[in-house]
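Each remark here refers to the structure printed beneath this line.
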Amino acid sequence: MDEYIQKYRLFIVAGIILLAVGLIAFMGKKEEPVVHQVAKSEDHRGVTVLNYHKIDNTFHSLSVRPEDFEKQMKWLSQHGYHTITPDQLYAFVTNGAELPDNPVMITFDDGYIDNYKNAYPIMKKYGFVGTIFVVTTYLEKYPNYLTWDQARELEANGFSIESHTATHKSMTEASDDQIMEELTKSKAMLKEKLGKDSCFIAYPTGTYNLHIAQLVKNAGYKAGFTIKYDAVNRNSNVYALERVPIFHTENTNKDFLERVLYLPLMNKDGWVKK
Ligand SMILES: [Zn+2]
């Protein structure tokens, strides 16, 4: 009989302990916002690299309206995102360098003047920096592209001006000589105009292959950005870095949120088809 009581007591004590632990755990549990669960940069998580083109009011899919862009930047700021530079992303992929909490990289392709006039003041307000991949021969040749003075000002304020080749020639349709010319000319011009050694390139129209990646490497670039829809993680190929395009759509800001919020999770769980 004593034996049974002993057993019974043990169960009661164990039950009370379990209840107490459960209660403490329940009370201590805070509803963590989805954003925080998604955006912490741990090894398995991806870094979203956003890709914009124009920030203006022309009705074109590549033109995100300034008021929408403002909402997007405000949302990123309110949710604790930190913009990172291509150097930071490169160090993260190649050396496992740490990134700030909730990292995001904001890139623009082509080098439109509205990046300076419309996007830059908004980003500045939130303490954000971006990366602009410029078609180097377009600057000061066409009025809707940046001037070199503007490019210098952006660089002086934390932005990175990098290569989008010299003339935006699609590399998959060019000869090796033409590709090398595009790569070396744009690099030399960035050196001449900005005094910098540009080591990053965004492939025009996003097209590339392994051979092109090799030429990019030979020309002295450390990394290349594609428009492969995915997040960048530590297993990414530095010459085929993933980016997420943000377009003007029927529901631009909703689409933006879906891409920013769910891509790192999809990346982690392998839901994105390669
Ligand atoms: Zn382009």
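Everything numeric here is computed off the predicted structure, so don't read it as measured data. The analysis underlying the following values was restricted to heavy atoms, covering all of them including side chains, and did not include hydrogens, waters or symmetry mates.
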Rounded to the nearest 0.5 Å, what's the gap from OG on Ser160 to CG on Leu154? Could you check? 10.0 Å
Is there a side chain to side chain contact (heavy atoms under 4.5 Å, CB included) between His82 and Val104? Walk through the geometry before answering. CA-CA 6 Å; His82 297 92; Val104 64; over 6 Å; no
Minimal heavy-atom distance between Ile227 and Gly206, with the atoms involved, is CG1-CA, 3.7 Å
Non-hydrogen side-chain atoms of Val232 and Met105 separated by less than 4.5 Å: no
Using the rule given for side chain to side chain contact (heavy atoms under 4.5 Å, CB included), can you reason through Val49 versus Val244, listing the C-alpha separation, both sets of side-chain angles and the distance that settles it, and then say yes or no? CA-CA 6 Å; Val49 181; Val244 179; over 6 Å; no
Heavy atoms, side chains only, cut-off 4.5 Å: are Val47 and Asn233 in contact? no
Atom pair CZ (Phe256) and CG (Leu261), whose distance is rounded to the nearest 0.5 Å: 8.5 Å
Report the residues that fulfil side-chain contact (heavy atoms from CB on, under 4.5 Å) with Tyr142, sequence neighbours left out, ordered by chain and then residue number. Tyr138, Asn144, Tyr145
List for me each residue that meets salt bridge (charged side-chain N to carboxylate O under 4.0 Å, His left out) alongside Lys196, sequence neighbours excluded, and say none if there are none. Glu155, Glu162
For Ala151 against Ile161, the heavy-atom pair lying closest together: O-CG1, 3.7 Å
Could you go through Tyr126 and Gln78, starting from their C-alpha distance and side-chain angles, then the distance that decides it, and tell me whether this counts as side-chain hydrogen bond (donor to acceptor under 3.5 Å, both in side chains)? CA-CA 9 Å; Tyr126 296 107; Gln78 285 177 338; over 6 Å; no
Could you walk me through whether Glu70 and Lys74 satisfy the salt bridge (Lys or Arg N to Asp or Glu O under 4.0 Å) test, starting with their C-alpha distance in whole Å, then the side-chain angles of each, then the deciding distance to 0.1 Å, before giving a yes or no? CA-CA 6 Å; Glu70 164 100 48; Lys74 190 176 177 184; over 6 Å; no
For residues 182-190, which side-chain N or O atoms pair as donor and acceptor with protein atoms under 3.5 Å away, sequence neighbours left out?
| unit_1 | atom_1 | unit_2 | atom_2 | d |
| --- | --- | --- | --- | --- |
| Glu182 | OE1 | Thr165 | OG1 | 3.2 |
| Glu182 | OE1 | Ala166 | N | 2.9 |
| Glu182 | OE1 | Thr167 | N | 2.8 |
| Glu182 | OE1 | Thr167 | OG1 | 3.4 |
| Glu182 | OE2 | Thr167 | OG1 | 2.4 |
| Thr184 | OG1 | Met180 | O | 2.7 |
| Lys185 | NZ | Glu181 | OE2 | 3.4 |
| Ser186 | OG | Ser163 | OG | 2.8 |
| Ser186 | OG | Glu182 | O | 2.8 |
| Ser186 | OG | Leu183 | O | 3.2 |
| Ser186 | OG | Tyr221 | OH | 3.2 |
| Lys187 | NZ | Asp197 | OD1 | 2.6 |
| Lys187 | NZ | Ser198 | O | 2.9 |

Report yes or no: does Glu140 contribute a side-chain atom to a donor-acceptor pair with the main-chain N or O of Trp148 at less than 3.5 Å? yes
How about Thr131 and Ile106: do any of their side-chain heavy atoms sit closer than 4.5 Å? no
Qualifying side chain to side chain donor-acceptor pair (under 3.5 Å) pairs, either residue in residues 105-116, two or more places apart: Asn51-Thr107, Asn51-Asp109, Lys54-Asp114, Thr107-Arg243, Asp109-Arg243, Asp110-Tyr112, Asp110-His164, Asp110-His168, Tyr116-Glu153
Residues forming a side-chain contact (heavy atoms from CB on, under 4.5 Å) with Ile113, sequence neighbours excluded: Lys117, Gln150
Is any side-chain heavy atom of Arg234 closer than 4.5 Å to a side-chain heavy atom of Val93? no
For Ile122 and Phe69: C-alpha separation, side-chain torsions, deciding distance, then whether side chain to side chain contact (heavy atoms under 4.5 Å, CB included) applies. CA-CA 8 Å; Ile122 293 169; Phe69 185 75; 4.0 Å; yes
Ignoring hydrogens and geometry, is there a side-chain-to-backbone donor-acceptor pair from Asn237 to Tyr239 under 3.5 Å? yes
Judged by atom type as modelled, is there a donor-acceptor pair below 3.5 Å linking the side chain of Thr83 to the main-chain atoms of Gly130? no
To the nearest 0.5 Å, what is the distance between CG on Leu139 and OG1 on Thr147? 7.5 Å
Those residues that, when tested against Lys191, pass side-chain contact (heavy atoms from CB on, under 4.5 Å) (two or more places apart): none
With a 4.5 Å limit on heavy-atom distance, are the side chains of Val260 and Leu76 in contact? yes
Using 0.5 Å steps for rounding, measure from the CZ atom of Phe92 to the CD atom of Glu98. 8.5 Å
Please find the pair of heavy atoms, one from Thr85 and one from Gly158, that lie closest to each other, and give the distance. CG2-O, 4.5 Å
Would you check if Pro245 and Tyr229 make a side-chain contact, meaning some heavy-atom pair closer than 4.5 Å? yes
Under the ring pair (Phe, Tyr, Trp, His ring centres under 6.0 Å) definition, can you give me all pairs with a residue in residues 176-200, not counting sequence neighbours? none
Without swapping roles, check the side chain of Gln178 against the backbone of Ser175 for a donor-acceptor pair under 3.5 Å. yes
Who are the side-chain contact (heavy atoms from CB on, under 4.5 Å) partners of Thr94, not counting sequence neighbours? Tyr90, Val238
Minimal heavy-atom distance between Pro204 and Met171, with the atoms involved, is CD-CE, 4.3 Å
What I want to check is whether the side chains of Thr226 and Glu242 have a donor and an acceptor closer together than 3.5 Å. no
When Ile, Leu, Val, Met, Phe, Trp and Tyr are grouped by side-chain heavy atoms lying under 4.5 Å apart, directly or through other members, which residues fall in the same group as Phe247? Leu62
According to the side chain to side chain donor-acceptor pair (under 3.5 Å) rule, which pairs have a member within residues 59-68, sequence neighbours left out? Asp56-Ser63, Thr58-Ser63, Arg65-Asp68, Asp68-Asn253
Salt bridge (charged side-chain N to carboxylate O under 4.0 Å, His left out) partners of Lys141, counting only residues at least two apart: none
Fit a plane to each ring of Tyr208 and Tyr203, take the angle between them on a 0 to 90° scale, and name the class: parallel (under 30°), tilted (30 to 60°) or perpendicular (over 60°). parallel
Please check: side-chain N/O of Glu258 versus main-chain N/O of Asp255, any donor-acceptor pairing under 3.5 Å? no
Path from Ile84 to Phe133 over hydrophobic side-chain contacts below 4.5 Å: yes
To the nearest 0.5 angstrom, please state how far the NZ atom of Lys124 sits from the CG atom of Asn157. 5.0 Å
Of all heavy-atom pairs between Phe128 and Phe159, which one has the smallest distance, and what is that distance? O-CE1, 3.8 Å
Under the salt bridge (charged side-chain N to carboxylate O under 4.0 Å, His left out) test, which residues partner Asp87, sequence neighbours left out? Lys222
What is the minimum heavy-atom distance between Val134 and Gly111, and which atoms define it? CG1-CA, 3.8 Å
Output for pair (Arg152 CZ, Leu146 CG), nearest 0.5 Å, gives 11.5 Å
Test item: Arg259 and Thr48 side chains (from C-beta on) under 4.5 Å apart, heavy atoms: no
Strictly distance-based, threshold 3.5 Å: is any side-chain N or O of Asn118 a donor or acceptor partner for the main-chain N or O of Pro66? no
